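Predicted model, so just to flag it, every value in this text is computed and none were measured. Residue numbering restarts at 1 for every chain, and letters A, B, ... go by the order of the sequence lines.
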Amino acid sequence: MLVYNSQTHRKEELVPVEPGHISMYVCGPTVYDQIHIGNGRTFLAFDVIRRYLIFKGYQVRFAQNLTDVDDKIIQRANEQGVSAAELARTYSDAFIEQMERLNVLAPDIRPRATQEIDAMVSMISSLIDQGNAYAVPSGDVYFSVRSCETYGSVSGRNVDELLVGARIEENSDKRDPLDFALWKAAKPGEPSWESPWGLGRPGWHTECAAMVHRYLGTPIDIHGGGSDLVFPHHENESAQASCRWHEPLANLWMHTGMLRVDGEKMSKSLGNFHTLKEVLDRYPADAVRLLMLQTHYRSPLDFSFERLDGCMGALDRLRTTVRNLRWAAENSDGSSCGGDGAQALSGAIDAAREGFVAAMDDDFNTSAALAAVFSLAGQANAYLDAAGASACTSTLLRASDAIVELLEVLGLESVRPQVDQLPAELVDVAADLVGYDGSDVDGAVTTLIEARAQARAEKDWARADAIRDAVSALGLVVEDTQAGTRITRQEGGR
RNA sequence: GGCGACGUGGCCAAGUGGUAAGGCAGAGGCCUGCAAAGCCUUUACCCCCAGUUCGAAUCUGGGCGUCGCCUCCA
């Protein structure tokens with residue numbers, strides 16, 4: 001399968017370091033607030049990539065950090081009058097909760113920066129020993145960019161050109177404006193850890209490099225994140241690792257496109273963001289997932305609630321299709337399996353599976369993969385419409401299973417039919433309207449359907465409608481199909 | 001200024017040489033007692049100009065426009 005490597009700007013064949021195994025690391029959030037849906041888009045994209053690699057048979061080892069010590073956390077904690085650790089705990093819990101709601105698989109390993117200080121101190125010490133880093137009297141430690149020959153290779157930047165645009169900081173002990181902090185000396189009251197350079201805390205770029213190496217080794221197969229992390233974060237991570245371990249940090253760098261609102265990048269600094277929590281409070285996870293998967297992961301994605309509404313409709317349609325296929329399979333005579341229609345649909349099922357895999361094999365083209373599933377749904381509907389009550393049972397079930405299974409590879413799980421637990425109030429409705437004297441719901445349903453069928457046969461529309469209205473009032477749907485009347489739950493999310 | 005990405009129907013979006021997937025929305029029709037669901041039909045000079053080619057949305061050059069990174073940011 002082909003994967004786009006943002007370091008080489010080319011699609012490359014995926015060749016794992018260890019055959020059959022994939023190690024992945026995706027930079028996690030700094031936990032100082034609720035994450036927004038732009039963050040969510042990246043984590044969702046890599047969730048689908050991970051799910052697909054598992055689907056392909058790889059043993060995937062997936063690590064994602066939590067940055068739980070950082071300037072922003074300290075600042076926010078001071079504003080709120082809580083400890084930095086407390087604030088970080090609150091929002092790392094919130095992050096994990098929202099990821100679960102979005103149906104993102106939990107990482108195999110979720111290191112927290114504050115629990116990995118020893119690995120970072122060790123890495124920094126080695127870098128100093130090797131001459132790639134230096135401590136200054138204040139207690140800060142900087143990485144010497146000029147000492148790293150490969151610096152710039154991840155982001156395609158030239159060190160001399162960077163210098164032109166580099167910000168000149170005041171009161172800095174840096175030897176070169178391009179150098180970046182590996183260790184920051186603690187100011188009074190800040191969270192800090194012991195180190196050979198005094199009390200302090202690690203720099204952001206250092207955390208990821210050390211955690212990647214500790215949990216996955218180097219090089220790893222895939223290192224991912226949002227495209228805004230390419231520089232400086234990933235460049236700096238890579239520089240530390242390649243100097244320290246004399247190997248690339250990662251063989252493949254994957255970066256997701258930015259999520260936009262009204263054509264502009266959504267970010268906390270611009271203030272034009274929606275939190276994931278806010279969106280998941282209003283829409284089911286699958287609608288959010290479908291919206292994001294309709295665009296390729298590398299392209300910018302314009303977010304809007306209107307589009308989310310559209311996705312709700314599309315999901316309902318898929319659910320209805322699956323429900324119709326299964327209903328027909330159970331209630332038709334299933335006699336026409338040899339016909340042209342059944343043969344054609346059978347071919348379409350295979351084509352959809354193949355199209356799905358081909359699309360995903362080509363740099364995780366979820367948009368094209370979804371199109372294959374929607375196309376199958378459309379063809380199955382057309383077949384059902386044409387074949388009616390003699391539609392081939394086994395082909396209907398195969399089509400339904402294919403739709404459900406392929407969507408589940410993408411983590412869209414709400415299309416799988418649920419066991420319909422109809423409400424007990426149906427017993428009362430049946431008792432009132434048609435004189436049902438039993439106590440179980442199934443009997444009530446059967447009695448209601450029979451009574452409605454009789455009323456319709458007698459053209460007693462008022463009675464037929466009264467039954468339908470009473471059942472509808474319970475939030476159920478009454479439908480007259482070619483294979484008979486059915487009563488089901490209203491569609492619309494989970 | 002440097003580096004990079006992009007510009008496809010009303011909206012979203014796939015498609016890297018052979019005359020345009022899919023979703024949402026719209027219009028008309030069919031089916032239905034009425035519905036629901038579904039089906040059918042229908043809308044694209046692929047930003048502009050020039051070039052390469054038998055042939056380009058797809059390659060090359062130029063133009064216009066949009067966005068991202070270069071500073072914390074998924």
Side-chain angles (χ1 to χ4, degrees), chain A residues 6 9 26-30 32 35-46 70-72 75 152 155-158 160-162 164-167 169 204 224-233 235 255-260 263-270 273 290-291 294-296 298-302 304 306-318 320-321 323-324 327 355 359 362 365-378 380-386 388 455-456 459-462 464-465 468-469 472 477-482 485-486 488 490-491:
Chain A
S6 50
H9 298 276
V26 174
C27 293
T30 298
Y32 68 100
I35 66 163
H36 60 62
I37 52 178
N39 304 299
R41 193 237 177 148
T42 293
F43 302 140
L44 173 58
F46 285 104
D70 171 85
D71 292 346
K72 280 184 179 166
Q75 184 191 335
S155 58
R157 274 157 222 260
N158 174 298
D160 294 315
E161 285 169 358
L162 278 171
V164 176
R167 185 176 56 171
E169 292 156 88
W204 181 40
S227 58
D228 54 353
L229 296 188
V230 175
F231 190 91
H233 184 55
E235 190 65 64
H255 293 101
T256 55
M258 293 293 101
L259 189 137
R260 306 193 297 203
E264 271 192 329
K265 175 183 171 183
M266 176 182 292
S267 72
K268 291 186 176 173
S269 35
L270 285 174
F273 63 92
L290 180 60
L291 170 67
Q294 279 181 334
T295 302
H296 187 91
R298 283 191 278 118
S299 301
L301 184 155
D302 258 303
S304 75
E306 290 70 30
R307 290 188 63 184
L308 224 28
D309 287 333
C311 290
M312 296 280 280
L315 284 166
D316 273 348
R317 184 153 173 271
L318 287 170
T320 303
T321 296
R323 191 186 59 176
N324 288 348
W327 167 266
D362 184 13
N365 190 336
T366 51
S367 181
L370 282 166
V373 179
F374 276 104
S375 179
L376 172 59
N381 276 331
Y383 169 66
L384 198 52
D385 186 67
R456 292 179 68 216
K459 299 193 189 298
D460 183 353
W461 309 129
D465 289 346
R468 184 169 64 192
D469 291 346
S472 299
V477 188
V478 180
E479 296 167 295
D480 304 313
T481 75
Q482 292 185 74
T485 296
R486 68 178 171 190
T488 51
Q490 182 85 48
E491 296 293 341

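- Spacing of P atoms, B:rU53 relative to B:rU41, comes out at 41 Å, to the nearest Å.
- Taking all atoms of both residues into account, the shortest heavy-atom contact from A:R323 to A:T488 is NH1-OG1, 3.1 Å.
- Rounded to the nearest Å, the gap between the C1' atom of B:rU19 and that of B:rC45 is 12 Å.
- Rounding to the nearest 0.5 Å places CZ of A:R468 at 10.0 Å from CD of A:E479.
- Projected onto RNA chain B by closest heavy-atom contact, A:P29 and A:L291 fall at different nucleotides, the more 5' of which corresponds to A:L291.
- When the side-chain nitrogen and oxygen atoms of A:N365 are compared with OP1 and OP2 of B:rG15, one or more of them lie within a distance under 4.0 Å.
- On the C1' atoms, B:rU16 is 15 Å away from B:rC6, given to the nearest whole Å.
- To the nearest 0.5 Å, the span separating NE2 on A:H36 from CG on A:L259 amounts to 8.5 Å.
- The A:L162 side chain lies nearest to B:rC70 when the options are B:rC70, B:rG38, B:rC39.
- For A:H9, the listed nucleotide lying nearest its side chain is B:rG4; candidates were B:rC69, B:rG4, B:rC34.
- Under the Watson-Crick or G-U wobble criterion, with both distances below 3.5 Å, B:rA25 is left unpaired in every strand shown.
- Among the protein residues, A:E479 comes within range of the nucleic acid bases, having at least one heavy atom under 4.0 Å from a base atom.
- The side-chain ring of A:F374 is not stacked on the base of B:rG22, judged by centre separation under 5.5 angstrom and plane angle under 30 degrees.
- For B:rG22 and B:rU32, the P atoms lie 28 Å apart once the distance is rounded to whole Å.
- Rounded to whole Å, the distance from CG on A:D480 to C1' on B:rG33 is 10 Å.
- B:rA20 and B:rA74 are spaced 34 Å apart, taking the C1' atom of each and rounding to whole Å.
- One finds a side-chain N or O of A:R317 lying less than 4.0 angstrom from the OP1 or OP2 phosphate oxygen of B:rG23.
- Atom C1' of nucleotide B:rC72 and atom NE2 of A:H36 are separated by 12 Å, given to the nearest angstrom.
- A 3.5 Å limit on both hydrogen-bonding distances identifies B:rG2 as the Watson-Crick or G-U partner of B:rC69.
- Atom pair A:R298:CZ and B:rG15:P shows a separation of 9 Å (rounding to whole Å applied).
- Taken to the nearest 0.5 Å, the NE2 atom of A:H255 stands 7.5 Å off from the SG atom of A:C27.
- Remark: the separation of the P atoms in B:rG55 and B:rA44 is 25 Å, to the nearest Å.
- Computed from coordinates, the A:R157 CZ to B:rG4 C1' distance equals 8 Å when rounded to whole Å.
- B:rU8 and B:rC48 have their C1' atoms separated by 15 Å, with the value rounded to a whole Å.
- In this structure, the OH atom of A:Y383 is 15 Å from the C1' atom of B:rG38, given to the nearest Å.
- For B:rA14, neither phosphate oxygen OP1 nor OP2 lies less than 4.0 angstrom from any side-chain nitrogen or oxygen of A:T366.
- Comparing B:rU71 with B:rC12, their C1' atoms are spaced 33 Å from each other, to the whole Å.
- A residue-by-residue look at A:H296 and A:D309 shows that A:H296 has its nearest nucleotide of RNA chain B further toward the 5' end.
- As judged by a 4.0 angstrom heavy-atom cut-off over every strand, A:T295 is placed among residues touching the sugar-phosphate backbone only.
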